[in-house]
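Shown next, in structure tokens, is the structure this report addresses.
Every chain is numbered from 1, with letters handed out A, B, ... down the list of sequences.
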Number of protein chains: 2
Amino acid sequence: MNETTWRVDDILDAIRTTGGRVTATKRALVEALVDTRDHLTVESLTSVVQLRAPEASPSTVYRNLEELENLGIVVHSHLGRAAAVYHLAGPVHGHLLCSSCGRTIEVPSALFEPIVHEVRAQYDFDVDRHHLAISGVCGDCRRSAHNS
Amino acid sequence: MNETTWRVDDILDAIRTTGGRVTATKRALVEALVDTRDHLTVESLTSVVQLRAPEASPSTVYRNLEELENLGIVVHSHLGRAAAVYHLAGPVHGHLLCSSCGRTIEVPSALFEPIVHEVRAQYDFDVDRHHLAISGVCGDCRRSAHNS
DNA sequence: ATTGCTGCAAACCTTTTGCAAGAAT
DNA sequence: ATTCTTGCAAAAGGTTTGCAGCAAT
């Protein structure tokens, strides 16, 4: 739930422990996630996986990600209308999504704590801290816009 | 940008002023938005519009909403993976989306001001106040979950 | 008479699903 | 041997687009 240091073997063990089987695709996928530690779409993850397992299909990546998500190893966020991004579960954090360049910026969830509390107190609403996403424009894009 | 009292005729005038033409579908759509003042999907808006203009198609509703959005009269938000919801631009506000029942709760944007400032100061990121959406579970759903 | 708008159908994208063959245990 | 998984292809949403005809101005 809050491992900052996921290791490939630990994840593969978790898969086996829960009755899952470790396939070439899953191993490549897990390594991609551990290596990049980035927010990746299924499309880009599939490309990376295919370097090692050329036959891998997006649908398998979807299914594998779902399995990892059920194990609490992976989380995903929907940012705008675009494809969802997946990454290793880690310290809970929020996302800033630039609607201009698509970049994702991670921000500590501490930033959101005041809101999480307010919203719980005033609206009886439990915020899902894993899916905090806010859209806007990053500094780079703001500046390029002004110079155009 | 912050009209709390959009009137149908004002909106139709705005359409004409900018070179647009007022059609039966547009009029029905505008009335639906003004009447319900709710957050509606294209699907539900189309149903309402079709009460008056039976031939109206979703694609036209999409195009009309885009036009209204360009005029600053309508805004939309993406909440999760589901269909986007549209509503009249009004006092800027955030959305709480219940991932269990799909309900949308409006919250005053004042709640988000601290974050908007922090994020601008620390991450050089301009939050789009029109698209603030936070997912979680509303009180009703939390309680039904506990009773099941 | 312009030329913006429409409905329809088809295209698009992301994601999900059915299925028979293949592989990890 | 089991039974999980896979790739493929097709389906399923939500949204966009091309087009020829229609209609608001």
Item to check | Within residues 54-63 of chain B, residues whose heavy atoms come under 4.0 Å of DNA chain C | outcome: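 Those residues whose heavy atoms fall under 4.0 Å from DNA chain C, taken from residues 54-63 of chain B in numerical order, are B:E55, B:A56, B:S57, B:S59, B:T60, B:R63.
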Item to check | Distance-minimising heavy-atom pair for A:I15 and A:E67 | outcome: CG2-OE2, 3.5 Å
Checklist entry - Taking all atoms of both residues into account, what is the closest heavy-atom pair of B:T25 and B:T60, and its distance? => result CG2-CG2, 3.8 Å
Item to check | B:L65 side, atom CG; B:K26 side, atom NZ - distance, nearest 0.5 Å | outcome: 11.0 Å
What's the [atom1]-[atom2] distance between [X] and [N], to the nearest Å?
{"X": "A:R27", "N": "D:dT6", "atom1": "CZ", "atom2": "P", "value": "12 Å"}
{"X": "A:E43", "N": "C:dC13", "atom1": "CD", "atom2": "P", "value": "10 Å"}
{"X": "B:I15", "N": "C:dT6", "atom1": "CD1", "atom2": "C1'", "value": "15 Å"}
{"X": "B:Q50", "N": "C:dT6", "atom1": "CD", "atom2": "C1'", "value": "13 Å"}
{"X": "B:K26", "N": "C:dG7", "atom1": "NZ", "atom2": "P", "value": "11 Å"}
{"X": "B:E69", "N": "D:dT16", "atom1": "CD", "atom2": "C1'", "value": "15 Å"}
{"X": "B:E66", "N": "D:dG14", "atom1": "CD", "atom2": "C1'", "value": "15 Å"}
{"X": "A:H78", "N": "C:dT15", "atom1": "NE2", "atom2": "C1'", "value": "10 Å"}

Item to check | Flag if over 12 foreign heavy atoms under 6.0 Å of CD, B:E113 | outcome: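 Buried by this count: over 12 neighbours within 6.0 Å.
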Item to check | Test applied, side chain to side chain contact (heavy atoms under 4.5 Å, CB included); reference residue, A:S135; option that passes from B:D128, B:D126, B:V127 | outcome: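 With A:S135 as partner, B:D128, B:D126, B:V127 yield a single side chain to side chain contact (heavy atoms under 4.5 Å, CB included), made by B:D128.
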Next on the checklist: Please verify the inter-ring angle class for B:H39 with B:H93; under 30° counts as parallel, over 60° as perpendicular, anything in between as tilted.
Outcome noted: perpendicular
Checklist entry - How would nucleotides 20-25 of chain C be written as a contact map, 5' to 3', with B for base contact, S for sugar-phosphate-only contact and - for no contact, using protein heavy atoms under 4.0 Å? => result ---BBS
Item to check | Electrostatic pair B:R143-A:D124, nearest N-O below 4.0 angstrom | outcome: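 Judged by the 4.0 Å cut-off on N to carboxylate O distance, B:R143 and A:D124 do form a salt bridge.
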Item to check | Side-chain touch B:H78/B:H95, heavy atoms, less than 4.5 angstrom | outcome: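 Side chain of B:H78 against side chain of B:H95, heavy atoms only: no contact under 4.5 Å found.
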Next on the checklist: Counting C-beta onward and ignoring hydrogens, is there a side-chain heavy-atom pair between B:Y86 and B:L29 closer than 4.5 Å?
Outcome noted: no
